[in-house]
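What follows is a short report on a single structure.
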Amino acid sequence: MQTSVIDNSLFPACGLSNIHRHDVSSQVRFTPFDDAICITTAYESIRLLLSRNNLVPADIKGFMFSQFSIDNIRLLCKALDVDQDKALFIGDKYGYTATNSPFVAFYEALERKKVTRGDLLIFWSVGAGWQSTALLMKY
């Protein structure tokens with residue numbers, strides 16, 4: 001876990017530990033930051049996952065990445081040297097659905113018939129604070 005930007009995205013704005021002291025009905029505090037900070041960790045996590053399973057990025061049919069930023073999807077595809085068509089962006093359709101956004105991308109990939117049974121997929125997401133998680137799945 002990397003915590004350098006932990007206070008940049010708070011709901012409630014006063015922080016959860018202070019929720020009992022404030023009216024938090026709609027308070028959100030978001031301080032913009034360079035969200036590309038997580039790409040190096042994402043890349044390393046995915047490369048380790050592939051290495052442990054004797055795979056290379058070309059073996060993966062689809063990459064279901066966090067939908068927080070299309071720029072991050074592009075950066076991660078470039079770092080992994082994979083065609084961006086393998087990493088569906090659905091943020092323009094559904095908006096950002098938080099850390100579960102790769103699963104919404106997976107749903108959309110199924111709907112668009114971009115994924116079939118037996119395909120290898122990589123899921124990666126990031127949470128505020130931030131935690132970076134990668135998963136390899138055979139669908």
Side-chain angles (χ1 to χ4, degrees):
M1 183 164 81
Q2 208 277 6
T3 61
S4 68
V5 294
I6 197 166
D7 291 326
N8 290 57
S9 181
L10 294 175
F11 178 79
C14 61
L16 197 54
S17 63
N18 293 310
I19 197 168
H20 65 286
R21 297 182 192 156
H22 301 277
D23 171 22
V24 295
S25 57
S26 62
Q27 294 180 352
V28 175
R29 185 175 81 205
F30 182 78
T31 305
F33 61 96
D34 181 4
D35 62 327
I37 190 173
C38 60
I39 296 303
T40 300
T41 300
Y43 171 78
E44 290 169 357
S45 298
I46 292 168
R47 295 300 298 181
L48 180 62
L49 196 57
L50 292 170
S51 175
R52 285 182 178 170
N53 290 279
N54 298 313
L55 298 168
V56 296
D59 296 325
I60 307 303
K61 176 72 181 230
F63 293 86
M64 309 302 155
F65 293 147
S66 169
Q67 300 292 304
F68 185 74
S69 163
I70 192 169
D71 289 336
N72 283 352
I73 291 173
R74 289 177 180 142
L75 287 170
L76 204 41
C77 286
K78 184 176 180 181
L80 293 166
D81 194 27
V82 296
D83 189 325
Q84 191 176 325
D85 288 342
K86 285 186 161 189
L88 193 60
F89 177 70
I90 50 90
D92 56 346
K93 181 175 181 178
Y94 296 98
Y96 177 55
T97 59
T99 55
N100 68 341
S101 61
F103 298 105
V104 180
F106 176 56
Y107 165 81
E108 191 66 23
L110 289 171
E111 289 291 304
R112 295 182 191 182
K113 301 193 183 331
K114 289 183 159 273
V115 174
T116 57
R117 289 285 181 186
D119 288 346
L120 293 173
L121 308 171
I122 293 279
F123 290 78
W124 169 77
S125 195
V126 62
W130 43 267
Q131 306 83 29
S132 179
T133 305
L135 168 90
L136 170 66
M137 179 178 97
K138 184 173 184 176
Y139 174 63

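The analysis underlying the following values was restricted to heavy atoms, covering all of them including side chains, and did not include hydrogens, waters or symmetry mates. Small disclaimer: the values here were computed from a predicted structure and weren't measured.
A side-chain donor-acceptor contact under 3.5 Å links Asp59 to the backbone of Val56. With Gln84 contributing its side chain and Arg74 its backbone, the two residues share no donor-acceptor pair below 3.5 Å. Looking at Asp119, its side chain does come within 3.5 Å of a backbone N or O of Thr116 through a donor-acceptor pair. Of the possible donor and acceptor atoms, one in the side chain of Asp83 sits under 3.5 Å from a partner among the backbone N and O of Asp85. In this structure, the side chain of Asn72 does not engage the main chain of Phe68 through any donor-acceptor pair within 3.5 Å.
At a threshold of 4.5 Å between side-chain heavy atoms, the hydrophobic network of Ile, Leu, Val, Met, Phe, Trp and Tyr places Trp124 and Leu48 in two separate groups. No continuous path of hydrophobic side-chain contacts links Val126 to Val104 [ILVMFWY only; heavy atoms under 4.5 Å]. Hydrophobic clustering (ILVMFWY, side-chain heavy atoms < 4.5 Å, transitive): Phe63 and Ile70 are in one cluster. Under the 4.5 Å side-chain heavy-atom criterion for Ile, Leu, Val, Met, Phe, Trp and Tyr, Ile46 and Ile73 are members of the same hydrophobic cluster. Grouping the Ile, Leu, Val, Met, Phe, Trp and Tyr side chains by contacts below 4.5 angstrom, directly or via other members, places Ile39 with Val82.
Counted within 6.0 Å of OH on Tyr107, heavy atoms from surrounding residues, nucleotides or ligands total 12 or fewer; the atom is thus considered open. Within 6.0 Å of CG in Asp81 there are 12 or fewer heavy atoms belonging to other residues, nucleotides or ligands.
Considering Gln67, Lys114, Lys93 in turn, Lys93 is the only one that fulfils the side chain to side chain donor-acceptor pair (under 3.5 Å) rule with Glu108. Between Phe65 and the options Pro102, Cys77, Ser101, Ser125, a side-chain contact (heavy atoms from CB on, under 4.5 Å) holds for only Cys77.
Between Ile60 and Lys86, the shortest heavy-atom distance links the atoms O-NZ, 2.6 Å.
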Go through the steps for Asn53 and Lys138 under the test side chain to side chain contact (heavy atoms under 4.5 Å, CB included), then give the verdict. CA-CA 12 Å; Asn53 290 279; Lys138 184 173 184 176; over 6 Å; no
Begin from the C-alpha positions of Leu88 and Arg112 and carry the test side chain to side chain contact (heavy atoms under 4.5 Å, CB included) through to its verdict. CA-CA 10 Å; Leu88 193 60; Arg112 295 182 191 182; 3.0 Å; yes
Should Leu55 and Leu49 be marked as a side chain to side chain contact (heavy atoms under 4.5 Å, CB included) after you check the CA-CA gap, both sets of side-chain angles, and the distance that decides it? CA-CA 8 Å; Leu55 298 168; Leu49 196 57; over 6 Å; no
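Annotation: side chain of Met137 is in contact with side chain of Leu121 (closest heavy-atom distance under 4.5 Å). The closest side-chain heavy-atom distance from Leu80 to Arg47 is below 4.5 Å. Residues Ile122 and Leu135 have side chains not in contact (no heavy-atom distance under 4.5 Å, counting atoms from C-beta outward). Side-chain atoms of Val115 and Phe106, non-hydrogen and from C-beta on, do get closer than 4.5 Å to each other.
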